[in-house]
K.L.:
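Would you mind keeping the following structure in view while I ask a few things?
The chains referred to below are lettered A, B, ... by the order of the sequence lines, with proteins before strands, and numbering in each begins at 1.
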Amino acid sequence: MHPKPKLFHGKFILVNIFPGHKHPLRPFSSDNTSLPIVTELISKQHWKSLKTHLQNASPITPLQQLLDSRVDPCLTLRYFNWSEKEFNLSHSLEHSCMLIHSLANAKRYPKMRSFLYSFVKNENSISVSSIFHAISVSGDSFCASSIIADMLVLAYVNNMKSHLAFEAFKRAGDYGFKLSAVSCNPLLSALVKEDKIEDVEYVYKEMIRRRIEVNAISFNTVINGLCKVGKLNKASDVIQDMKAWGVLPDVITYNTLISGYCKKGRIGKMYKADAILKEMIANEVRPNEITYNILIDGFCKDENLMAAMKVFREMETQGLKPTVVTYNSLINKLGLEGKLDEASGMLDDMVGSGLKPNVVTYNVLINGYCKKGKMKEATDLFDDVVKQGISPTVVTYNTLIYAYCKDGRMEDAFALRESMVDKGTFPDVTTYNCLISGLCREGNITAVRKLINEMLNKGLKVDVVTYNILVDALCNDGESRKAARLLDEMVKMSLRLNHVTYNTLMDGYCREGNLRAALNVRTRMEKEGMRANVATYNVLIKGLCKKGKLEDANGLLNEMLEKGLIPNRTTYEIVKVEMVDKGFVPDIEGHMYNISGS
DNA sequence: GTAGGGTTAG
């Protein structure tokens with residue numbers, strides 16, 4: 001019996017053609033007769049032999065043949081990747097799409113995922129729309145096209161190209177390809193992280209319209225996005241949506257909403273947060289450690305350490321153990337209040353209860369010392385942390401660098417920056433902002449320019465804080481008009497101006513006695529959709545008082561209270577010095593009345 | 001693939 005070499009993939013062919021590679025291969029021929037050899041060489045990964053076999057033939061031809069044949073698409077993929085690397089070429093979009101279609105038809109999903117991931121990573125010139133066109137013309141399975149589109153969206157998200165992911169999401173709708181939560185949820189999550197809340201809302205609405213599966217994660221992500229930008233009523237609407245879809249709010253839903261309320265600076269926010277806690281319990285969703293951590297931190301930020309401690313004790317009665325995060329919130333608050341002995345006592349408690357402090361624990365404690373001007377203690381603790389084998393983070397360094405800058409110790413600040421680089425922690429925008437603010441305080445504009453150039457050269461981008469520092473510096477120099485021009489520059493750089501930007505400029509104008517200009521800035525701010533916050537009112541109230549316009553100032557104070565904004569320490573200080581001492585008295589709600597008879 | 005803590009500007 002002599003085996004017939006009839007099968008392309010039969011072992012005998014290979015043995016007969018080139019037993020052990022000792023004989024030269026038959027040269028590649030561009031008709032299909034070479035395909036079995038090529039296939040065999042690929043499956044054995046005999047790349048050297050394959051290259052010899054191909055000789056001077058175009059590497060495209062075998063790809064074309066493989067795509068036209070019924071060989072395992074994984075072999076085609078291997079050839080695709082090898083040939084791109086070996087011949088330093090990029091295969092055409094059409095061939096790429098044919099390959100991805102054959103992988104999809106063979107249900108080789110992990111292979112598709114990594115193929116699309118590298119495709120998206122390396123490809124910067126092909127538009128999303130041409131990719132979709134190619135997907136739709138290079139395969140006829142609608143189902144496969146949908147899976148490909150889904151994975152493409154995910155590939156963009158995973159490559160941090162969320163704007164392209166968003167575009168692909170829209171294109172998929174144009175072509176009627178059906179996406180899934182597998183890609184849409186990460187897309188939503190990426191858009192939330194980038195504060196692109198309008199896009200989040202668009203994707204969410206489209207998911208419902210296109211009947212894409214919307215699960216608890218989708219809802220929770222959207223709710224988180226809305227909470228992040230303070231649209232808490234809309235977030236509650238989404239909770240209603242989710243109930244209507246038969247998805248019950250879970251502990252993450254409630255935690256997200258509670259956190260949203262905690263972060264909003266309105267009167268009664270913690271009351272509302274507490275109400276949601278009760279609601280979740282009534283709906284039989286058990287609060288977890290994270291729920292309590294959110295509440296504890298919320299009360300700390302609300303200047304209510306007593307309430308925070310009460311929740312802390314309540315946690316234990318619910319059978320929940322405080323975590324590192326719980327302690328970090330409390331230590332942070334104690335440190336910021338200057339209660340450093342209590343803060344380090346809390347650290348001891350935490351260690352005593354078997355928890356291991358992390359770098360955040362030390363960062364907040366170091367910050368506490370810094371804010372109290374206890375630099376010796378701060379740096380001692382820093383050394384201690386290093387000795388314990390905990391790596392300081394960029395935040396640790398920034399905390400100390402800022403403290404040095406604020407203390408006028410610019411040399412120490414720059415020395416610490418050198419040392420962080422030596423240890424492999426690289427300065428970020430915040431590091432530079434701290435140094436820039438220090439130099440501005442010294443009036444060293446030349447050094448500021450140099451530093452900004454340096455950060456740009458390192459590929460770091462100036463941010464809104466950098467500009468706010470510069471705006472403030474100009475205002476302090478009595479150059480508010482120049483500062484105003486920086487705002488236009490910020491817009492040109494598509495930086496999002498924030499409250500601090502506007503308030504700083506308003507303050508600059510107020511201090512120059514130019515109230516008109518200050519009020520114009522407020523108008524501009526509101527045109528941009530930003531409502532005046534407590535600090536805005538503080539600046540304007542103070543400005544009006546300084547001009548002797550006490551009744552107008554009082555009007556603004558009332559307006560602020562009516563809008564549910566909580567007066568802060570600065571407000572009280574202004575009201576005391578500028579109003580109470582000049583004949584106004586407060587009623588029980590904080591409204592002021594002029595009793596001097598005017 | 002969803003929730004919690006730390007640094008900078010007013």
Side-chain angles (χ1 to χ4, degrees), chain A residues 154 157-158 180-190 192-193 215-225 227-228 250-260 262-263 287-298 300-301 323-333 335-336 358-368 370-371 392-403 405-406 428-438 440 463-473 475-476 498-508 510 533-536 538-539 570:
Chain A
L154 189 62
V157 173
N158 291 338
S180 77
V182 173
S183 68
C184 295
N185 287 352
L187 171 61
L188 284 170
S189 179
V192 166
K193 280 203 185 79
N215 59 24
I217 296 178
S218 330
F219 286 115
N220 289 342
T221 308
V222 173
I223 291 167
N224 186 31
C227 285
K228 227 181 134 189
D250 58 15
V251 64
I252 297 182
T253 319
Y254 286 111
N255 285 350
T256 307
L257 201 59
I258 293 173
S259 166
C262 285
K263 284 185 176 128
N288 60 14
E289 289 87 350
I290 297 181
T291 319
Y292 281 94
N293 289 345
I294 294 166
L295 287 166
I296 289 169
D297 195 63
C300 286
K301 300 266 153 67
T323 67
V324 178
V325 176
T326 324
Y327 280 101
N328 288 350
S329 288
L330 292 167
I331 294 172
N332 183 37
K333 185 60 191 157
L336 292 175
N358 64 13
V359 69
V360 176
T361 319
Y362 291 110
N363 286 348
V364 298
L365 206 47
I366 289 171
N367 192 37
C370 286
K371 291 290 181 287
T393 64
V394 66
V395 176
T396 325
Y397 287 106
N398 290 345
T399 305
L400 287 165
I401 288 173
Y402 180 70
C405 289
K406 198 128 201 185
D428 62 6
V429 196
T430 304
T431 319
Y432 279 94
N433 287 342
C434 294
L435 293 167
I436 290 168
S437 75
C440 282
D463 67 3
V464 61
V465 178
T466 322
Y467 269 98
N468 289 348
I469 292 165
L470 299 175
V471 167
D472 189 45
C475 287
N476 287 333
N498 61 20
H499 279 102
V500 181
T501 321
Y502 292 110
N503 292 345
T504 308
L505 182 58
M506 272 181 238
D507 191 42
C510 283
N533 64 11
V534 181
T536 315
N538 287 346
V539 166
T570 313

K.L.:
Between A:Leu188 (CG) and B:dG1 (C1'), how many Å, whole number?
P.N.:
10 Å
K.L.:
May I have the distance from A:Leu336 (atom CG) to B:dT7 (atom C1'), rounded to whole angstrom?
P.N.:
11 Å
K.L.:
Name the closest nucleotide to the A:Ile290 side chain, picking from B:dT7, B:dG10, B:dA3.
P.N.:
B:dA3
K.L.:
How many Å lie between OH on A:Tyr502 and P on B:dG10, as a whole number?
P.N.:
18 Å
K.L.:
So A:Asn288, base contact, sugar-phosphate only, or nothing? Heavy-atom distance under 4.0 Å.
P.N.:
base
K.L.:
Consider the side chain of A:Thr504, meaning its heavy atoms from C-beta on, and name the nucleotide among B:dA3, B:dG10, B:dG1 that approaches it most closely.
P.N.:
B:dG10
K.L.:
With a 4.0 Å cut-off on heavy atoms, is A:Thr323 in touch with a base, just the backbone sugar-phosphate, or nothing at all?
P.N.:
base
K.L.:
Run through A:Thr501, A:Thr504, A:Asp507 and flag the one making a side-chain contact (heavy atoms from CB on, under 4.5 Å) with A:Asp472.
P.N.:
A:Thr504
K.L.:
Any side-chain N or O of A:Asn224 below 4.0 angstrom from OP1/OP2 of B:dT2?
P.N.:
no
K.L.:
Given side chain to side chain donor-acceptor pair (under 3.5 Å), test A:Thr256 with A:Ser259 step by step and report yes or no.
P.N.:
CA-CA 5 Å; A:Thr256 307; A:Ser259 166; over 6 Å; no
K.L.:
Taking ring pair (Phe, Tyr, Trp, His ring centres under 6.0 Å) as the test, write out the residues that go with A:Tyr327, two or more places apart.
P.N.:
A:Phe312
K.L.:
Which one, B:dG1, B:dG10, B:dT7, comes nearest to the side chain of A:Asn367?
P.N.:
B:dT7
K.L.:
For the side chain of A:Asp472, starting at C-beta, report the closest nucleotide among B:dT8, B:dT2, B:dG10.
P.N.:
B:dG10
K.L.:
Of the options B:dT7, B:dA3, B:dT2, whose atoms approach the side-chain atoms of A:Ser189 most closely?
P.N.:
B:dT2
K.L.:
May I have the distance from A:Asn215 (atom CG) to B:dG1 (atom C1'), rounded to whole angstrom?
P.N.:
8 Å
K.L.:
Rounded to the nearest angstrom, tell me the gap between atom CD1 in A:Ile223 and atom P in B:dA3.
P.N.:
12 Å
K.L.:
For A:Tyr362 and B:dT7, what is the distance between atoms OH and P respectively, to the nearest whole Å?
P.N.:
18 Å
K.L.:
Let me confirm one number: the CG-OG1 distance from A:Asp250 to A:Thr253, rounded to the nearest 0.5 Å.
P.N.:
3.5 Å
K.L.:
With heavy atoms under 4.0 Å as the rule, sort A:Asn538 into base, sugar-phosphate or nothing.
P.N.:
nothing
K.L.:
Would you classify A:Asp463 as touching base, sugar-phosphate or nothing, given that sugar-phosphate means primed atoms plus P, OP1 and OP2, and contacts are heavy atoms under 4.0 Å?
P.N.:
nothing
K.L.:
Please state how far atom CG in A:Asn185 lies from atom P in B:dA3, giving the value in whole angstrom units.
P.N.:
12 Å
K.L.:
Round to a whole Å and report the spacing from CD1 of A:Ile294 to P of B:dT2.
P.N.:
15 Å
K.L.:
Any sub-3.5 Å donor-acceptor pair from A:Lys301's side-chain atoms to A:Cys262's backbone N or O?
P.N.:
no
K.L.:
Considering only side-chain heavy atoms of A:Ile252, which listed nucleotide, B:dA3, B:dG10, B:dG1, is closest?
P.N.:
B:dA3
K.L.:
Between the side chain of A:Asn398 and the main-chain N/O of A:Val394, is any donor-acceptor distance below 3.5 Å?
P.N.:
yes
K.L.:
Contact class for A:Val222 (heavy atom, under 4.0 Å): base, sugar-phosphate, or nothing?
P.N.:
nothing
K.L.:
Name the nucleic acid region contacted by A:Lys371, choosing base, sugar-phosphate or nothing; use a 4.0 angstrom heavy-atom cut-off, strictly under.
P.N.:
sugar-phosphate
K.L.:
Using a heavy-atom cut-off of under 4.0 Å over every strand shown, decide if A:Ser329 touches base, sugar-phosphate, or nothing.
P.N.:
sugar-phosphate
K.L.:
As a test of reading the structure: which of B:dT8, B:dG1, B:dA3 is closest to the side chain of A:Pro186, going by heavy atoms?
P.N.:
B:dG1
K.L.:
Could you pull out all residues at least two apart from A:Tyr397 that satisfy ring pair (Phe, Tyr, Trp, His ring centres under 6.0 Å)?
P.N.:
A:Phe382
K.L.:
If you only use heavy atoms from C-beta on, which nucleotide in B:dG10, B:dG1, B:dT7 is closest to the side chain of A:Val395?
P.N.:
B:dT7
K.L.:
Measure from the side chain of A:Asn533, starting at C-beta and using heavy atoms only, and say which of B:dG1, B:dG10, B:dA3 lies closest.
P.N.:
B:dG10
K.L.:
Please state whether the base of B:dA3 and the side chain of A:Asp250 form at least one donor-acceptor pair under 3.5 Å?
P.N.:
no
K.L.:
Out of B:dG10, B:dT8, B:dG1, which nucleotide sits closest to the side chain of A:Ala535?
P.N.:
B:dG10
K.L.:
Under 4.0 Å between any heavy atoms, over every strand shown, what does A:Thr501 touch: base, sugar-phosphate, or nothing? Just pick one.
P.N.:
nothing
K.L.:
At under 4.0 Å between heavy atoms, what does A:Lys301 touch on the DNA or RNA strands: base, sugar-phosphate, or nothing?
P.N.:
sugar-phosphate
